[in-house]
Peer 1: 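Take this structure, written in structure tokens, and hold onto it; I'll ask about it next.
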Amino acid sequence: MAAYTGRRLLQAIPLLVLISLLVFVLLHLIPGGPMAAYGNNPNMTAADFARLEHDLGLDAPVHVQYLRWLGALLRGDWGYSLASKRPVLVEIGDRLPNTIYLLSISLAVTLGIAIPIGILSAVRQYSVLDHAVTTVAFAGQSVPIFWFGLMLIIVFHVVLRNPISGAPLAPGGGMYTLGEPFSLLDRLHHLILPVSMLAVVGTATYTRYMRASMLEVIGQDYIRTAHAKGMPARRVLWHHAFRNAAIPVVTILALEVPVLFNGAVFTETIFSWPGMGRLFIESAFRYDYALLMAIILIGATLTIVSNLLADIAYAYLDPRIHYG
Amino acid sequence: MARTAVVSIGVRPRVVSLGRRSLARFVRRRTAMAGGIVSSVFVVMMLLGLWIAPYSPAATDYNRTLELPSLAHLAGTDDFGRDIFSRIVVATRYSLGMGLGAVFLGAALGMAWGIASGFYGRAFDNVSMRIVDIMLAFPGILLAIVVVAILGPGLVNVVLAIGVFTIPSFARLARAPALAAKAQEYAQAARALGASNSRIMGRHLLPNVLPSCLVYVTLRVGTAILTASSLSFLGLGVQPPTPEWGAMLAQSRVFLNVAPHLVIGPGVAISLAVLGFNLLGDGMRDALDPRLRD
């Protein structure tokens, strides 16, 4: 097991290097290259441009630039954001916790709803409940997440109002009320809509996975054996069926981490949430070179690590799987 | 012989072709039919939108801005007094067009890639499949955002970006049947008769790859429409004043407080189109899957 984990970790390194190279080359394809952000500044003369290019080391051959960048990256020097002039690591350090905060709560809510519903739907296959769940989940996957977010704002911020105070039921954006001291209630209040947006769309996906996985397991012989030997149905469900049905769901969970980030991009855009998703969009629009590269690299690393975790979790959770 | 005996007593086994059986199975599934009808309606709207729409999508009327739905304007009017219903109908050509274009582009290149990979094998196969792995490992829409940000916003660039990130899944899907077909006698025979590599790939491997890829095209169109409208929503796709569902949603965001009805139509259009193609794809997959019996 340890050897397998170690080998997989080692395999991830060349992949990461390759991806960093890819990202670097990709961004060099921007018309105007990394200097694009300065390209539309009318106050810059050609001489200024050349001097800045030289000072930033951007006149060196591309492979030299790449090696310099990679070296600096490994030493913890991730460069500076062109827009805010602050170090990239500081910029990301400000935003990343907010995204993790939003995504982890959303994920907890998603799983809290999707797992019981998925199980129930599988146990009562072809019941009215099952048909309803399957239909809603399928339809839910066709709804664009950003539109769903806008509809949430319309319903819970614009149309529905608190009958006593007349204030909107839920805040339509932001992470907390600006200018007020920290309050847990205020924080939770601001979480309602963005979390609902992510959770409802996520629930559609995970309910389907949980149901499919559970259906697969309850058809197995060992479940029939457990029932036959007189074990209480509840115990069979949780001890025998659920524990095995959870394995593929855990794997999918790990694989879906990039999808979560994708959801964060839209949720943060719609609800003005100061997180990584919005930072990503902003830096893409501003050609904020160093920041953009850092975010893509973090995203790619996250993807590779989550793939790795999925494989390791699979090997760990399912004793039937042996890796040499 | 048992077989002739059966025939002689007149109980002829009914032989139905795979194609007809699949079609029958498809028609019998109401959801699949519904998906087929909905997606056909959208395709018609894509092709004939300009003639179906009651108003020109660009005609402004500053006396009637942000109006609620009425008989004259089925979905109301926007901030320029343009008819929203007409804009939604005409937008189909851009929203659906981008989705279809991207998937066709990705499918064509991906199939070529997968067939070549399966056909040439060895190191080429190894390297190209590792590249596919890396591309699949990337969060597609994020890279699409970067690509469009780099190339500049616009319809063609969105199609290119989504198309490129559709390639790897088709390459992987096409490789296996190509590999299997390559080992078949008819492919060997073609080679023995002196057929060129490209002829073997085009005439003998491609037909084996097509069925599963065509089903996958339908399944991917929904996702592609979603992605394209998402990019437009972020301001990376079709630019105003061109009507496009995602872009229309982005523009109506400003009026969320005063005219929430602007948001409903384009969102319903996206959801219905995606749902239609998803149902169609699901139905086609089930109908063509020989493991699923009636």
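Here the structure is a predicted model, which is why all the values come from computation and not from measurement. By convention in this document, chain letters (A, B, ...) are assigned in the order of the sequence lines, proteins followed by strands, and residues within each chain are numbered from 1.
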Peer 1: Looking at every non-hydrogen atom in both residues, tell me the closest pair between A:Ser142 and B:Asn278 and how far apart they are.
Peer 2: OG-ND2, 3.4 Å
Peer 1: Should A:Trp147 and B:Ile270 count as side-chain neighbours, where that means a heavy-atom distance under 4.5 Å?
Peer 2: no
Peer 1: Below 4.5 Å from any heavy atom of chain B, which atoms of A:Ile270 appear? Answer side chain, backbone, both or neither.
Peer 2: both
Peer 1: Describe, in one word, how the ring planes of B:Phe233 and A:Phe146 are oriented to each other, choosing from parallel (under 30°), tilted (30 to 60°) and perpendicular (over 60°).
Peer 2: parallel
Peer 1: Can you check whether anything in residues 215-232 of chain B gets within less than 4.5 Å of chain A, heavy-atom wise, and list it by number?
Peer 2: B:Leu226, B:Ser229, B:Ser230
Peer 1: Mind ranking B:Ser252, B:Ala273, B:Ser271 by heavy-atom pairs under 4.5 Å with chain A and telling me who comes out on top?
Peer 2: B:Ser271
Peer 1: Using a 4.5 Å cut-off on heavy atoms from C-beta on, say whether the side chain of A:Phe138 contacts that of B:Asp282.
Peer 2: yes
Peer 1: Of all of B:Val147, B:Leu236, B:Ile264, which one pairs up most often with chain A through heavy atoms under 4.5 Å apart?
Peer 2: B:Ile264
Peer 1: Taking atom CD of A:Glu216 as the centre, does the number of heavy atoms from other residues, nucleotides or ligands within less than 6.0 Å exceed 12?
Peer 2: no
Peer 1: Between B:Val268 and chain A, with a heavy-atom cut-off of 4.5 Å, which part of the residue counts as in contact: side chain, backbone, both or neither?
Peer 2: both
Peer 1: For the atom pair CG (B:Leu256) and CG (A:Leu150), what is the distance rounded to the nearest 0.5 Å?
Peer 2: 6.0 Å
Peer 1: Quick check: closest heavy atoms across B:Arg253 and A:Thr269, and the distance to 0.1 Å?
Peer 2: NH2-O, 3.4 Å
Peer 1: Heavy-atom cut-off 4.5 Å, strictly under: side chain, backbone, both or neither for A:Val265 against chain B?
Peer 2: side chain
